[in-house]
Amino acid sequence: AELPALCFICHENFFAKAKSTHPPAEMGECLLCHHPHESENKKLLLKPAKALCFECHGDLLDKAKVVHPPARSGECIICHNPHASKEEKLLRKPAGELCLTCHKELKELLAKAEVKHMPAESGECVSCHKPHASNEKKLLAKEGAALCFECHENFLEKAKFKHPPAESGDCVECHSPHVSSEQALLVRKGQQVCFECHDKADMAKAAGHAQMGEKACQTCHNPHAADNEKFLKAGAVPGPAAPAEAPAGKTAKEKPAKP
């Protein structure tokens, strides 16, 4: 019998229910990876797994500054089935579920969190992270705000005034990328986020602040960008002073007309 039919006399035909298949396996090129009789490596592999995978996928980690530990150590089969899978990319489990196999802390946070970032909640981790390697920290697919603006409106493009953390792409200074107990995925409650950078005592002296109490700064200010100074929202911009009213029972004197 020809390969892989010969192999399937003993081994399960893993193609039967697969959605994705590894091309060498699909073409019956079993001997590209396995020795038919004996080997010093597990699964009769011709080489250790890392060296074997990188014979074809050699450019996967090239020049990357940040590498996912399983990829660096050549433990490809932790995430991928080498022959066939019911999932895309030969994954052993649905993408989000697979990531949480190792990232257990995030799994616990997602179970308890009141506010969840939609990609994290739906298991779309690769919307933001590269699974193998990246030139950005945390294996991010793009740098800073450029990544966030893939989904969120770019509020910086036309704004006259821009909040420095937003302008520099430091979104995670104020927002948690995965989960939070606060609305808008804020890292702290209300004013506490702002007071990480802005001195609370100085802010209390500013006009209009004393009567605000514990109300959120976003009541009057746009936290990202605005067309008004101090990032004031349209309804919070001071208008022209109203004309003084005459005391009750009296009418304001009219100025004599000029001759």
Grab the two heavy atoms, one from V66 and one from L139, that are nearest each other, plus how far apart they are.
-> O-CD2, 3.6 Å
Going by the angle between their ring planes, with limits at 30° and 60°, are H129 and H178 parallel, tilted or perpendicular?
-> parallel
Working for side-chain hydrogen bond (donor to acceptor under 3.5 Å, both in side chains), residues S122 and E124 | CA-CA 6 Å; S122 59; E124 298 177 55; 2.9 Å; yes
Is the CG atom of L109 crowded by more than 12 outside heavy atoms at less than 6.0 Å?
-> yes
Look at the side chain of N81 and the backbone N and O of S85, then say whether any donor-acceptor pair between them is shorter than 3.5 Å.
-> no
ring-ring contact (aromatic ring centres under 6.0 Å, His included): which pairs involve residues 62-107, sequence neighbours left out?
-> F14-H83, H34-H83, H80-H132
For atom CD of E29, decide whether the heavy atoms of other residues, nucleotides or ligands shown that lie under 6.0 angstrom number more than 12.
-> yes
Any side-chain heavy-atom pair of H175 and L186 under 4.5 Å | yes
Hey, is NZ on K47 packed in by over 12 heavy atoms from elsewhere, all under 6.0 Å?
-> no
Contact list for residues 141-165, test ring-ring contact (aromatic ring centres under 6.0 Å, His included), sequence neighbours left out = F149-F155, F155-H224, H163-F231
Reported CG-to-NE2 distance for the pair L44 and H35, which is rounded to 0.5 angstrom = 8.5 Å
Donor-acceptor pair, Q191 side chain versus K215 backbone, under 3.5 Å?
-> yes
Working for side-chain hydrogen bond (donor to acceptor under 3.5 Å, both in side chains), residues E136 and S134 = CA-CA 5 Å; E136 307 299 334; S134 171; 5.7 Å; no
V179 and H117: CA distance, side-chain angles, deciding distance, side-chain contact (heavy atoms from CB on, under 4.5 Å) verdict = CA-CA 6 Å; V179 298; H117 195 195; over 6 Å; no
Just wondering, are more than 12 heavy atoms of other shown residues or ligands nearer than 6.0 Å to NZ in K162?
-> yes
Taking the side chain as every heavy atom from C-beta outward, state whether L110 and L100 have any atom pair closer than 4.5 Å.
-> yes
Minimum-distance pair of heavy atoms, taken over all atoms of A133 and A64 | CB-CB, 3.4 Å
Would you mind reporting whether K50 and C76 have side-chain heavy atoms less than 4.5 Å apart?
-> no
Please check if L31 and I9 belong to a single hydrophobic cluster, counting links between Ile, Leu, Val, Met, Phe, Trp and Tyr side chain heavy atoms closer than 4.5 Å.
-> yes
Around atom NZ of K233, are there more than 12 heavy atoms of other residues, nucleotides or ligands at under 6.0 Å?
-> yes
Give a yes or no on whether the backbone of D202 and the side-chain of D199 come within a donor-acceptor separation of less than 3.5 Å.
-> yes
Please report the C-alpha distance between M203 and F195 in whole Å, then the side-chain angles of each, then the deciding distance to 0.1 Å, and finally whether the side-chain contact (heavy atoms from CB on, under 4.5 Å) criterion is met.
-> CA-CA 9 Å; M203 292 298 100; F195 293 150; 4.0 Å; yes
Are more than 12 heavy atoms from other residues, nucleotides or ligands located less than 6.0 Å from atom CD of E38?
-> no
Could you state the interatomic distance from SG (C194) to CD (E196), rounded to the nearest 0.5 Å?
-> 10.0 Å
Which is it for Q183 and V115 under the side-chain contact (heavy atoms from CB on, under 4.5 Å) test, yes or no, and what are the steps along the way?
-> CA-CA 7 Å; Q183 290 299 312; V115 184; 4.0 Å; yes
Residues pairing under side-chain hydrogen bond (donor to acceptor under 3.5 Å, both in side chains) where one sits in residues 16-25, two or more places apart or in two chains, turn out to be T21-E26
Taking the side chain as C-beta and beyond, is there a heavy-atom pair between I77 and R92 under 4.5 Å?
-> yes
Heavy atoms only: give me the nearest G96-C125 pair and the separation to one decimal.
-> CA-SG, 4.1 Å
